[in-house]
Asker: 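Just passing along the structure, written as C-alpha cells.
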Amino acid sequence: MEKNQSLINKVSPFAQITEGQKYIITKNLPQLIQIVLKDAAEFQSTQIQKLKALQQLKMICCIGDIGEYLTQIFKLLAKIYTIDDKYYLNECRQICYLIGLKIQIDYYLPTLINQSRFELQAQQSKTLCNLINLISETIVHENDNLDLQSLVYLIGDIENVYSDCWEVMECIYHLEDRIIGQSQQELPIYVRQLFQVLLTIRSFNKKDCECLLQQLSTKCGYTSVTDLHANEISLILEQIANQEQFKTWKYNTREFLKFKAIVIGCGDGISKYMQQIIQIMKYSLGGDQEVELRLEVLLLLDKVVQIQSIKDTIKMYSAVMISQLLIQSMVWKANKPTVKVRKAAVIITLYLSEMLSQEEILELFPSLTAPLKSCMTDDWAPDLRFASSKLATSLIQKCQILNYEIIRDFYPSLLERLDDSQNQIRIEITFAIGALMQQKYDSSTILEYIVKATLIHLDDSSEEVQRAIFECLLKCPEKRVVLKEAEQAIKNFKYPRLCQELIKLVS
C-alpha cells in the first residue's frame with residue numbers, strides 16, 4: 001500500500017487519493033475500467049474527455065488489479081500513443097511506467113510482443129511503432145525475467161521488414177537502449193543480433209549510436225567499440241560474401257549503407273577482414289555498376305587506406321588493391337560520366353604506390369599502363385590529368401628497372417603532356433620525364449627522341465615551364481645526348497638563355 005501511494009504521488013495529477021476513492025475503484029474495477037477505456041477510445045470524445053479518461057486509467061492502474069485487462073489497456077495505448085500530442089504521450093508513458101513497476105514483466109511482455117507481431121504481419125507501421133514504444137516504456141528497471149530471446153527475435157524480424165523505414169528503426173533504437181540498459185546476465189548471448197540492428201540504425205546517419213555501442217561493448221566484456229566491431233562483424237561479412245548480396249547493391253540501399261557502417265566503425269580491427277572487404281568492393285567497383293556506388297566505394301576505400309594503425313596491413317595488400325580494385329576504376333567507358341571515379345582511383349593508387357616495391361610496380365605496370373595513359377589524356381578533366389601525371393612520376397621514380405617495352409609504350413604519353421593547356425600539368429610531367437631519362441636503355445634512340453622533344457619546351461613562353469624543363473634535362477645521365485640536341489635546338493630558340501646555360505653545364 002505504501003508503495004502504491006508513493007507511485008500515486010509521483011504520477012497522479014491530484015494531490016492525493018482518498019481511502020473512499022480507493023475503495024470505490026477496488027470494488028467496482030470491472031465496470032470502471034470498461035467505462036474509462038470506452039471514454040478514452042470513443043471517437044466522439046473531446047480531447048479533454050480523452051485526457052481525463054487517461055488520467056483516470058492511470059489512477060486505476062495505481063490501485064486496482066489490472067492484470068486481466070492488460071490486453072485491452074495496451075490496445076488502447078497503442079491506438080492513441082502518438083508523439084504528435086505531448087499530453088497524450090505523457091499520460092501513456094506514465095501508465096506504462098506504472099505497469100512496469102506493478103506487474104511482473106513476464107506476465108505482460110508476451111501480450112505486447114504478440115500484438116507487435118500481429119501488427120508486423122499486417123504491416124501497420126504506425127501502430128507497430130506505438131507498440132514498440134510501449135514495450136520500451138514498460139522496461140523501467142533491471143530485470144532477471146526480461147525475455148531477451150523473444151525481444152531480440154522480434155527486433156530482428158522487424159528489421160527484416162522495415163530496415164528502410166526510419167520511423168520504425170528509430171523506435172527500435174529506443175527499445176535497444178532500454179534492453180541494453182536494463183538487462184543483465186543474458187545480454188552477451190544476443191550481442192551480435194543487437195549489434196547488427198544498431199549497424200542498420202547507424203547507416204541512416206540520423207542517430208549517434210556511439211554511446212549505445214559503448215554501453216553494449218562494456219556490458220558484453222569488450223574493451224572498446226572498435227573491439228566490438230572487430231569481433232562481431234566476421235559472420236556479417238561472411239554472410240554478405242557468401243550470399244553475394246553485394247551484387248544487387250545500389251549506392252543508397254540499406255545493405256550497402258550497413259556495410260559502410262561496418263567498415264568505418266571497425267577501425268584498426270579491419271585488418272583481419274581485408275580479404276572479404278576487397279572481395280566485396282571488387283564487384284561493387286565493376287564498370288557496369290552505377291557511378292554513385294563506385295564513387296562511394298572508392299571514398300570508403302580511401303578511409304580504409306588512411307588508417308595509420310594498420311599501415312603494415314595496407315602495405316601488404318597495396319598491390320592487390322591496385323590490381324583488383326583501382327585499375328578497373330581508372331578505365332574509361334563510353335557514355336559513362338566516370339571522371340570522379342577515375343580521379344578517386346588515381347589518387348588512392350598514388351597514395352598506395354608509395355608502399356610498393358620495385359618488383360610490385362614492374363608486375364603492375366603492364367595492366368596499369370593503358371588506363372593510366374587514358375587518364376593522362378582526358379581533354380575534359382584537367383584535375384584527372386594532373387593526378388595521373390603525379391602517379392606516373394611516383395611509379396617511374398620508385399622503379400628504376402623498367403624494361404624496354406614499357407618505356408617504348410609509355411613515353412609518348414608523357415611527352416604529350418608537355419603540350420598540355422595547363423602549365424601546372426606541364427611542370428608536373430617533367431618530373432616523370434626526368435625519372436624516365438634515368439632508366440637504362442638498350443638503345444639510345446628512344447632517349448635521344450625524349451631529350452629532343454623535351455628540349456623544344458626550354459624555349460616556352462612561361463618561365464616556370466622553362467625552369468622545370470631545365471631541371472628535367474639536367475637529370476639525364478647521358479650528358480652527351482643532351483649536349484648534342486641542345487646545340488642543334490638553340491639555333492631556333494627565341495629565349496636562348498637557359499639553353500646556353502644548359503650547354504655549359506653538360507659540356
Asker: Please find the pair of heavy atoms, one from A345 and one from L326, that lie closest to each other, and give the distance.
Answerer: CB-O, 3.7 Å

Asker: Strictly by modelled atom types, are S284 and Q289 linked by a side-chain donor-acceptor pair under 3.5 Å?
Answerer: no

Asker: Could you check F259 against W249 for ring-ring contact (aromatic ring centres under 6.0 Å, His included), going step by step and ending with a plain yes or no?
Answerer: CA-CA 10 Å; F259 174 71; W249 280 355; 5.3 Å; yes

Asker: Take atom NZ of K475 as the centre, draw a 6.0 Å sphere, and report whether it contains more than 12 heavy atoms from other residues, nucleotides or ligands.
Answerer: yes

Asker: State, without any angle test, whether K258 and S203 hold a side-chain donor-acceptor pair at a distance under 3.5 Å.
Answerer: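 The answer is no; no qualifying pair exists.
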
Asker: What's the spacing between S353 OG and I396 CD1 if we round to 0.5 Å?
Answerer: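 Reported to 0.5 Å precision, the distance equals 11.5 Å.
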
Asker: Is it the case that the side chains of S394 and E354 hold a donor-acceptor pair, with the cut-off being a distance below 3.5 Å and no angle test?
Answerer: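 Looking only at side-chain atoms, S394 and E354 do form a donor-acceptor pair, the distance falling under 3.5 Å.
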
Asker: Where does the angle between the aromatic ring planes of W166 and F204 fall among parallel (under 30°), tilted (30 to 60°) and perpendicular (over 60°)?
Answerer: tilted

Asker: Between Y190 and Y153, what is the ring plane arrangement, given parallel below 30°, perpendicular above 60°, and tilted in between?
Answerer: perpendicular

Asker: Look at the rings of F74 and Y108 and say which category their plane angle falls in: under 30° parallel, 30 to 60° tilted, over 60° perpendicular.
Answerer: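 Rings of F74 and Y108: tilted, as their planes differ by 30° to 60°.
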
Asker: For the residue pair C62 and Q94, establish whether any side-chain heavy-atom pair is separated by less than 4.5 Å.
Answerer: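 The answer is no; the side chains never approach within 4.5 Å.
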
Asker: Using side-chain contact (heavy atoms from CB on, under 4.5 Å), reason through F365 and I361 one step at a time and then give a plain yes or no.
Answerer: CA-CA 6 Å; F365 235 113; I361 293 175; 3.7 Å; yes

Asker: N90 and R93: side-chain donor and acceptor closer than 3.5 Å?
Answerer: no

Asker: How long is the span from the CD1 atom in I179 to the CG atom in L151, to the nearest 0.5 Å?
Answerer: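 The distance works out to 4.5 Å.
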
Asker: Measure the CG-CG distance between L395 and L436 for me, rounded to the nearest 0.5 Å.
Answerer: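 One gets 12.0 Å once the value is rounded to the nearest 0.5 Å.
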
Asker: Regarding Y222 and E232, is there a side-chain donor-to-acceptor distance under 3.5 Å anywhere?
Answerer: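 Note: Y222 and E232 side chains meet the donor-acceptor criterion.
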
Asker: Should E159 and T200 be marked as a side-chain hydrogen bond (donor to acceptor under 3.5 Å, both in side chains) after you check the CA-CA gap, both sets of side-chain angles, and the distance that decides it?
Answerer: CA-CA 8 Å; E159 184 209 7; T200 301; 2.4 Å; yes

Asker: Is it true that the side chains of R342 and S374 contain a donor and an acceptor less than 3.5 Å apart?
Answerer: yes

